[in-house]
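Right, one structure below, let's go through it.
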Amino acid sequence: MKYISLTGLLLVFALSSCSKHVPGDFTSVEKSPRIYPDYSGVTIPCNIAPLNFEIQDSADEYLTRVYAAKKEMVLSGRKVQMDLADWKKMLSSNKGKSYSVDVFLKKEGQWTKYKTITNFIAPDAIDEYISYRLIEPSYMSYEQMTTNQRNLTNFEARELYNNKKTTLDDKNAQCINCHSYQNYKTDNMQLHFRQFNGGTVIVCDGKPVKVNLKPQGALSAGVYPAWHPTEKLIAYSVNTTGQAFHSKSTEKVEVVDTKSDIVLYDLKKNELRHVAADPNSLETFPSWAPDGKTLYFVSARVPHKEKSDTADILKNYTQIHYNILRIPFEAKTQTFGKQDTVFVASKLGKSATLPRISPDGKFLLFTMGDFGNFHIWHKTSDLYLMNLQTKAVRPMSEINSPDVDSYHSWSSNGRWIIFSSRREDGSYTRFFITYFGKDGKASKPFVLPQKDPDFNKQIFKSFNIPEFMIEPVKLSVQDFCDIIHKDAKQAVYAD
Amino acid sequence: MEKKINISSFLLFLAIAVYYLPIFNKDYLIKLQELSLFIPTKLFFLTQMKVPGGLLSWMGTFLTQFFYYPWLGSAIFIGLVVLVQFLTIKAFKLAWKHYPLVLVVSFALLLTVTQLGYMIFDIKTQGYAYFSLLGFASVLAVNWAYRTLSSPLIRTLSLALFIILFYPLFGFFALFAGLLAIVYELLQLRKDKQRARLTTVLAGLLTLVLVPYLYYRFYYTQLEVSHIYVSGLPSIALHGPVSKLWWPYLAIVLSFLCLVIFSSLTIRKERSKLTAFAMATIGLLSLYGFVRLNFTDENFHTELSMDFAVFDNRWEDVLKLAKKQKDEPTRMIAMNTTLALQKLNRAGDELFYFPVGNKPTASPWPTRLIVLAGKRMYYQYGKANFCYHWCMEDMVERGMKVESLKYMVKCSLVKGEFELARKYNDVLAKTLFHKDWAVKYGKYIENPKLMLQDKEFNAIRPLTAFEDGLFDDNGALEIFILNNFAKLKEGTPEMFEIGLQSAMMIKDSGLFWPLFIQYINTHKTIPRHYQEAALFFAYFEKKVDVSSLSFNPQVIADFKELLSTIDVNVGNSREMNQKIFARLFQHTYWYYYFFGKNIATP
């Protein structure tokens, strides 16, 4: 008898849970509901995780109806957190169509329906994974930082590496630097560490090796990496970097390179060689064209070539303007051709960085600000697009914001761009995703969805260096930890 | 007799705990909670749980927030210590006549909080104040429960299960509880020769060794291998002067080991007088240890009181505290005093009235002024970027704190970064005791015009009229502020006056003269100290003619006396002259110039 009663109770509870429905009696207003994140009027991938959001307007009760053809979800509460399976069904059966969101708020016994939000479900899928680094937007200190991996089709995230796993104390601190993958796959990847147990972990055909990419006398180990799309080659910048602090500007930190070159690391030979090393120029941010036949990078003239110490560069930091250059590469002979300039930002009094070519090779996406290369601290930084056929350059006004818009990556199908932006609060970097149409135009960007829509407000770390991957990293934190504890293989310069 | 000793011991402990917590350490306890943060969110909980022993951090930060009301926080703390006393008696089956034995543990627990001193600014362990208390309470509770189990099989299984389940929650303390249970089994084995106990011991030891390692290999991503058996203990160095902070922990660990042995002894005939004497001695020894290691530095407490007065803009209170000071002040006290005089617009006449101290902080380990006072000083001098900078450094190295968040809100407001201010303010709005503060500043975020009615912002705004530039203070707080103001090329009258005072403090006449000339061109009267400096530099350097300026006749007369005193005492030793000049000119710029110690800001 007891069990029957309990079953009955559970059934009533289950039925009541399912029976949420939109109110029959309500007043409609032509006002959009205030929701965070702003998931209205956006184009989303057909395989993205639920776009959970929080209603910003205060009310006594909240009801939200999320619907598309053949599918409807009605949810109560201020935080709208959708069931993953229901969401997936809705997206998969409505590719190339829209879905809508109706928000109902009850105040003083009266329900009000706000203007319907409509979002478009693109038929193009997004790469399943991204990896990124989590770090405070700090100045000098770093205590704990991680490189993480996130499945974009759900909310699964895991650490790829956590520096606390191998660092003992303050005297043995360790900084995690950039990560890079060959052609969106993870069997060939690299992750760089500085200071304690420092070195570059290069995973080649699934096997990790620790390499010291800083032979004696070199400027630095490899800093900004770019895997060749097909060869066992990684282009790196080597940089001597300094920083100082703004006394008043909201940009707060200025990071400058006092010396930098581009080098190429041959994994098979364990050899490095210089690609661009003009003593009067600062070369950095290498990036391969998808066909591997061209290496793009940026370069700035040193303001006073006879004297380029940190103090001098910091004095003239607003005079440093980077242009986009490229150099042809023959994979068979592994030889570089003659470099040429793709975009002269300096003529506009601007500075271009982070060149990235679209997978179809038609577009060059880059970041441009007023000066320097560390645009994540520059409010003038915006994304720009060059049509490589016409050479026409335009600011991507449809996705840029008044605040920092910077580091960007193309998805493997070229239809999605993920980029970093500080538009939410001016300090903490968040990832935004935008659909890139065949016409070369992007849609309204939306912030990377989180299970708890309040997550971005609660977390006090910046998300940086978003890189798409089509498969997860197979190595665990412990695997990286084990290899980091080993001695590094010393690379040498061949030239 | 025993009863009397027990009651007196208990009352003595209570009296000492009450005196050394909410009475003597009132400001210290408030600061302790300002340097901590608890927010009731899932993310906060999960962040704490990323290492074994994370539950202690979570519970510790939760309980630390009650020190906002020092009496309430102390009542909770003392209540928990009394609970530990009860658990100690139960876990080790002590007779009440042995009550003073538990005082060793109680005073050690009290000491973990009161001996920290300057370490509260530097410690990286969140919820430190309650770490030992909660950790050792869990050890006792487990041992008490364990001893009630009779079946050897159940004991073996529960010991293993306990370590597996409780290691993630209590870290080291779960392992220590397991170790005590194993020691208990070994001692019982000697008595009853039950072979089953050997199985429990072996299984326990195996679990103790293996479980942390397996968690390290397969679960935790931010646990370093050498920390697997000590995770959950505070992050304090084992070597150097700071290792003193481990002594209470050591005392408790040793006490528990002794008590587990003591509780297993079969004492055939106990002499009650001897027992009473032994108990009283142990109680008194623990009290002596507590008093010896307790941190009671006067300067430290003055600094804390000044800190709160500065935060609340109670400038007169800062000066009252400075006057009350008996010991030679530290640079932090001197800086607070200067700041208060400047805010009250009295520095021109009184800057050198207060003793010019440079006493090193009474900290056995190195402390940096930038860590102790960087946020406060930079903010008050209008250097919001530098204040924010040091808040961020602190947050990165030592975690989020109420104090840093408040300054980050204020700095963001001063700089017009309202969304950023909202981000920090929203965290404070989730706390139990800082909601009201968040509501007040939330109004400024929503309606920045209201800031025009805020006295504090109105006092800071005139100090922000400088051009942007790239700087690095290299962590040298005081000299950076002084140089920055003394070398001003443009700014407001308020900034130039601080610049003039700064030039005097760094004894640089080259920087003094342009600022002095600017001052006399814009003001009708010249404060006493500026007159003293002008007369002094003009006479000795003969670069600027001040004869046309109308100085106070008394200052001129005093200056003449200074010159004659110099003439008369020219051959004396520095020490002798200092005494003579202190008697005649102690509160003048001249005395500061000759005998003021160099400003050092390590």
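A quick note: this is a predicted structure, and the numbers were derived from the prediction, not measured. Per chain, numbering begins at 1; letters A, B, ... match sequence-line order. Heavy atoms only: backbone and side chains are in, while hydrogens, waters and symmetry mates are out.
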| request: Measure from NZ or CZ of A:Lys252 to the centre of the six-membered ring of B:Tyr388 and say whether it is under 6.0 Å with the direction within 45° of the ring axis. | output: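 Yes.
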Report yes if some heavy atom in the side chain of [X] is under 4.5 Å from a heavy atom in the side chain of [Y]; otherwise report no.
X        : Y        : answer
A:Gln478 : B:Phe218 : no
B:Gln222 : A:Lys165 : no
A:Phe245 : B:Leu470 : no
B:Leu223 : A:Lys164 : no
B:Lys423 : A:Asn456 : no

Can you establish whether the number of heavy atoms outside [X] located under 6.0 Å from its atom [atom1] is more than 12?
X        : atom1 : result
B:Lys487 : NZ    : no
A:Asp487 : CG    : no
A:Phe374 : CZ    : no
A:Lys474 : NZ    : yes

Pairwise distance [atom1]([X]) to [atom2]([Y]) - rounded to 0.5 angstrom:
X        : Y        : atom1 : atom2 : result
A:Cys481 : B:Glu224 : SG    : CD    : 7.5 Å
B:Met395 : A:Lys461 : CE    : NZ    : 9.5 Å
B:Thr47  : A:Gln144 : OG1   : CD    : 9.0 Å
B:Leu420 : A:Glu424 : CG    : CD    : 12.0 Å
B:Lys42  : A:Phe455 : NZ    : CZ    : 10.5 Å
B:Arg422 : A:Asp425 : CZ    : CG    : 10.5 Å

| request: Scan side-chain atoms only and decide if B:Asn385 and A:His246 contain a donor-acceptor pair under the 3.5 Å cut-off. | output: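 No.
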| Between the side chains of A:Glu159 and B:Thr221, is a donor N or O closer than 3.5 angstrom to an acceptor N or O? |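 Their side chains do contain a donor-acceptor pair, which is all the 3.5 Å distance test asks for.
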| task | Inspect the contact between A:Asp454 and B:Lys430 and indicate whether a charged nitrogen and a carboxylate oxygen are less than 4.0 angstrom apart. | result |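 Here B:Lys430 pairs with A:Asp454 in a salt bridge, since their nearest N and O are under 4.0 Å apart.
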| field | Non-hydrogen atoms of B:Glu467 and A:Ser247 that approach each other most closely | value | O-OG, 3.6 Å
| A:Asn197: side-chain hydrogen bond (donor to acceptor under 3.5 Å, both in side chains) partners, not counting sequence neighbours | none
Which atoms of [X] come close to chain A, meaning under 4.5 Å heavy atom to heavy atom: side chain ones, backbone ones, both, or neither?
X        : value
B:Lys50  : side chain
B:Phe471 : both
B:Tyr216 : both
B:Phe418 : neither

| Pick from A:Val477, A:Thr250, A:Ile135: which one has the most heavy-atom pairs with chain B under 4.5 Å? | A:Thr250
| query | What part of A:Tyr161 gets closer than 4.5 Å to chain B, counting heavy atoms only: side chain, backbone, both or neither? | reply | neither
| request: Below 4.5 Å from any heavy atom of chain B, which atoms of A:Asp452 appear? Answer side chain, backbone, both or neither. | output: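 Neither part.
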| Among B:Val427, B:Leu43, B:Asp472, B:Asp394, which has the most heavy-atom pairs under 4.5 Å with chain A? |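 Heavy-atom pair counts peak at B:Leu43.
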| field | Donor-acceptor contact present, side-chain A:Lys248 to main-chain B:Phe466, <3.5 Å | value |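 Yes, because the side chain of A:Lys248 sits within donor-acceptor range (under 3.5 Å) of the backbone of B:Phe466.
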| field | Residue pairs fulfilling salt bridge (Lys or Arg N to Asp or Glu O under 4.0 Å) with at least one residue in residues 378-392 of chain B, sequence neighbours excluded | value |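 Pairs touching residues 378-392 of chain B that pass the test: none.
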